[in-house]
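Written out below as structure tokens is the structure these notes cover.
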Amino acid sequence: MSENKDFLRAIVEEDLNSKKYEKIVTRFPPEPNGFPHIGHAKSIFINFGIARDYNGHCNLRMDDTNPTTEDTKYVEALKDAVTWLGYDWGENVQFTSNYFPKIYEYAIELIKMGKAYVDSLDEEQMREYRGTVTEAGKRSEFASRSIEENLDLFERMKNGEFKDGEHVLRAKIDMSAANMKLRDPLLYRIRHAHHFRTNDDWCIYPMYDFAHCLSDYIEGVTHSICTLEFENNRDIYNWVLDTLQLTPPRPYQHEFARLGINYTVMSKRKLLELVNKGLVSGWDDPRMPTIAGYKRRGYTPESILTFCEQIGIAKANSMVDVSQLEFCIRDDLNTKSPRVMCVLDPIKVVIENFEGVEEIDASYYPHDVPKEGSRKIPFSKEVYIEREDFSENPPKGYNRLTIDQPVRLRHAYIITCKEVIKDDNGNIVEIRAEYNPASKSGNDKSGIKVKSAIQWVSVNEAKKIEVRLYDRLFKDEAPETLDDLNPDSLKIIKDALIEPAVITDKVDVRFQFERQGYFYADPIDYSDDKPVFNKIVGLKDSWAKKSKPKTEVKTQNKPKIETKKEVVHGEAEPMTESQKALFDKYTNDLKLNNEVSNILARDEVLSNFYEDSLKIFNSPVTIANIVANDVAKELKDKTIDELKFNCEMISELVKMIDEETISSKIAKQVFEEMTKTGEKPSKIVEDKGLVQVSDPAVILPIIENVISQNPENVEKYKAGNNKLFGFFVGQVLKATGGKANPKVVNELIIKSLK
Ligand code: ATP
Ligand code: MG
């Protein structure tokens, strides 16, 4: 594995090395009560990914213990999602319901051991008896029932002699345990309901805490990986398996941070509500954050997996920016999709001096994309261009067609406007133009300078298509209710016009419509009579500017974004007055972002650590980032006294970053080392020779070497392909093991490539 393995893989490797297990078995255990979403993709990526990396196996297990909400259609959706993402669960999908008889036997065993009892308190009493965080609970009087009586009652529960809620089976653990979950947790409840697989065989169903650990054990799972909100359930998990004294090896539970994305709701309950209320067309509506939605919209599985890899696996909950996911799909499609021309809002241009039809040979890919392929585009006297690509009264900086500014028709000729024809209401209905025959793209001898090239289609040959322009489903960064829906999340254009080459019988293809974005033939509604294309994503992030001022206004009166981050069973904890004051100070005075401010403000240990470090070296943003991310992660497992490092060391580390002694990438490495050894950062840097290299005399020869090794890219770059700049920088940084100062590298490359 790579040197940067995550904490779960570190555990797995340790368990393999110590021979705790011979083979790694994980599982992805969804409840089939909704379509899987992007959060599930993260879990799939982790569970199946770990199994794949260590030659193990990952089960797909339906956690079907709640008969009233589950359905086979969700089972199918879950199977589809896993397959689409490229994973394989082997021969059979597993179901917790397959183990109902076995789990029932285990319950009887616990009763016989005196470790479980039938309780008959009503719900309200049970809550009262449980106590509070500060007060111990008290045990129900029914806990003193004899083993025989418990066995008898439990059997009669199973036989359907009682109504829902009349009795439950509880574990006898500890009514004063500090972990409230251990206060005699429920193991079984009565539910007279039809189950989609076991039909009416059962009217008692095991609770998650009882069924999950036993299902893991029965399947031979080694690492039971779940999200952080189950941290407190881990004690029950262990109690059940230990108390039953099962033959080893047994599984252990490990928790990671669940994925939250802004502008998105992710609970299946809320997604179901969107579907049921008809606010979207279904679970696979291309605006839904479901795997089925992304698939239908045109996302590639690769882009989702890349996203999961980028966000990594951490132990502190945090919010991911949806633009990161959008970046991943854009980046993936950039190198894969053919460029074609489509006009969404057409206006006719009549080219007065052109006759007949010319077939223009046009490449599908720009020169910096290493793919080949071309098609013929018909060019004729009448073409459509985009209405907004012509302006009678152009604003400053307008680069497209105007009355006295020519423009290039992409792949074809330069045209000049001669006359604008309007209807009685003054709307432009047609543009009369002339083309320059010497200006053909790729062989331009006209000498005319134009500022841009625009897309167009030939009037007679263009095909009509429906285009569905999708945007984010929510307008709010941290949507709370369905009122936060973005009213512009779907715009349908019935009569867009596209060049004929795009309309073929090819399925599952994605195109870039030049200057518009990436598009995908809708897998369900597309037909030869009515081709329908979904907008996957725009060419750039159109929200980047839009959202900024909004968040600022929001956080003034109501810090919204962080409410989703500390999700505990779906509910947000409001901030206390003093936390709120800290949050305001961090965002307003110290200019920290909302996410970081939120993490610090809500955690007294972290905010103290932060402020103490700040007193030693005043660099609010850099220190905050390290404390809220790296230090916070360490404190998940340890108390502050157990840390091997302290504020001084963090300040020293930050100072080295700020002074550019080390790059921030190297700083991560130093931090890792520091947590393990407790060495001072300056010593680590010195011992390992990690000092950032800023000396041109050292860097220049490396740049020269990269340049001489890549003559083709140098040529392309000099011909105007600026995108290759990043390539050169990357190569040089790589050659120095990440130690070269990126700023210096940038400057030197610019000079060297002049
Ligand atoms: P939701 O709360 O959205 O309804 P859930 O947790 O109830 O989701 P399950 O079907 O029980 O959904 O989850 C299956 C697996 O997916 C679990 O292991 C769960 O931890 C994981 N999972 C669910 N949501 C996320 C998320 N947002 N990020 C990472 N993993 C998740
Ligand atoms: Mg659940």
Side-chain angles (χ1 to χ4, degrees), residues 6 8 26-51 58-66 68-71 73-75 77-79 81-82 85 87 89 93-96 207-209 211-213 215-216 219 221 223-234 237 251 253-275 283 288-294 304-305 307-320 322 325 478-479 564-572:
D6 54 81
L8 289 173
T26 56
R27 83 289 169 267
F28 169 59
E31 186 183 351
N33 61 351
F35 275 51
H37 49 61
I38 183 81
H40 292 108
K42 177 176 180 182
S43 181
I44 291 170
F45 177 76
I46 292 173
N47 281 296
F48 281 93
I50 287 179
C58 180
N59 282 338
L60 171 59
R61 182 202 310 149
M62 300 299 151
D63 193 15
D64 55 346
T65 53
N66 184 4
T68 53
T69 55
E70 297 160 0
D71 197 283
K73 69 171 181 237
Y74 301 130
V75 175
L78 283 155
K79 286 160 66 180
V82 173
L85 289 173
Y87 295 110
W89 57 80
V93 173
Q94 312 297 327
F95 291 85
T96 301
M207 305 299 289
Y208 170 89
D209 282 322
H212 205 88
C213 52
S215 305
D216 283 345
E219 289 178 5
V221 166
H223 297 79
S224 180
I225 299 165
C226 64
T227 39
L228 277 175
E229 66 275 21
F230 292 99
E231 208 166 0
N232 288 337
N233 300 60
R234 195 200 312 138
Y237 190 102
Q253 178 184 307
H254 308 274
E255 308 89 20
F256 68 96
R258 73 192 281 124
L259 171 66
I261 302 189
N262 62 3
Y263 294 98
T264 310
V265 299
M266 205 112 82
S267 97
K268 281 184 277 187
R269 188 177 49 76
K270 284 190 185 154
L271 297 176
L272 180 65
E273 198 180 337
L274 286 167
V275 174
W283 283 101
M288 290 282 270
T290 52
I291 314 277
Y294 291 114
I304 307 243
L305 297 174
F307 172 72
C308 292
E309 194 176 333
Q310 280 185 6
I311 57 178
I313 311 177
K315 282 195 151 205
N317 278 329
S318 74
M319 183 69 77
V320 173
V322 68
L325 176 61
K564 260 192 83 185
K565 308 182 44 226
E566 304 257 316
V567 179
V568 180
H569 295 297
E571 269 169 54

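Note that ligands are numbered from 1 as they come in the structure, with each ligand's atoms numbered from 1 the same way. Computed from heavy atoms alone, side chains included, the values below leave out hydrogens, waters and symmetry copies.
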(request) Identify the two heavy atoms, one from Asn262 and one from Met319, that lie closest to each other, and give their separation to 0.1 Å. (result) N-SD, 3.6 Å

(request) Looking only at non-hydrogen atoms, find the nearest pair between Leu305 and Leu85 and report the distance. (result)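 So the two residues come closest at CD1-O, 3.5 Å.
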
(request) Run the numbers for me: atoms of ligand 1, each under 4.0 Å from some heavy atom of Ser267, listed by number. (result) 3 (O)

(request) Answer with yes or no after comparing the ring centroid distance for Phe230 and Tyr208 against a 6.0 Å cut-off, counting only values under it. (result) yes

Considering only heavy atoms, does [X] approach ligand 1 within less than 4.0 Å through its side chain, its backbone, both, or neither?
X	result
Pro29	both
Phe230	neither
His37	side chain

(message) Using heavy-atom distances only, which candidate in Glu255, Lys270, Met62, Arg258 approaches atom 2 (O) of ligand 1 most closely?
(response)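 Looking at heavy atoms only, Arg258 sits closest to atom 2 (O) of ligand 1.
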
(request) Between Glu31, Lys268, Arg269, flag the one that comes closest to atom 7 (O) of ligand 1 by a heavy atom. (result)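 Looking at heavy atoms only, Lys268 sits closest to atom 7 (O) of ligand 1.
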
(request) Measure the acute angle between the ring planes of Trp283 and Tyr74, then classify it against the limits of 30° and 60° as parallel, tilted or perpendicular. (result)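 The rings of Trp283 and Tyr74 stand perpendicular, inter-plane angle above 60°.
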
(message) For Glu273, is the CD atom crowded, meaning more than 12 foreign heavy atoms sit under 6.0 Å from it?
(response)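 Yes - once you tally the heavy atoms of other residues, nucleotides and ligands closer than 6.0 Å, there are more than 12.
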
Any N/O of [X] closer than 3.5 Å to an N/O of ligand 1?
X	value
Pro30	no
His40	yes
Thr227	yes
Lys42	no
Gly39	yes

(request) Before giving the answer on side chain to side chain contact (heavy atoms under 4.5 Å, CB included), spell out for Phe95 and Val75 the whole-Å C-alpha distance, their side-chain angles and the decisive distance to 0.1 Å. (result) CA-CA 10 Å; Phe95 291 85; Val75 175; 4.1 Å; yes

(request) Might you work through the salt bridge (Lys or Arg N to Asp or Glu O under 4.0 Å) test for Glu219 and Arg61, ending with a clear yes or no? (result) CA-CA 10 Å; Glu219 289 178 5; Arg61 182 202 310 149; 3.0 Å; yes

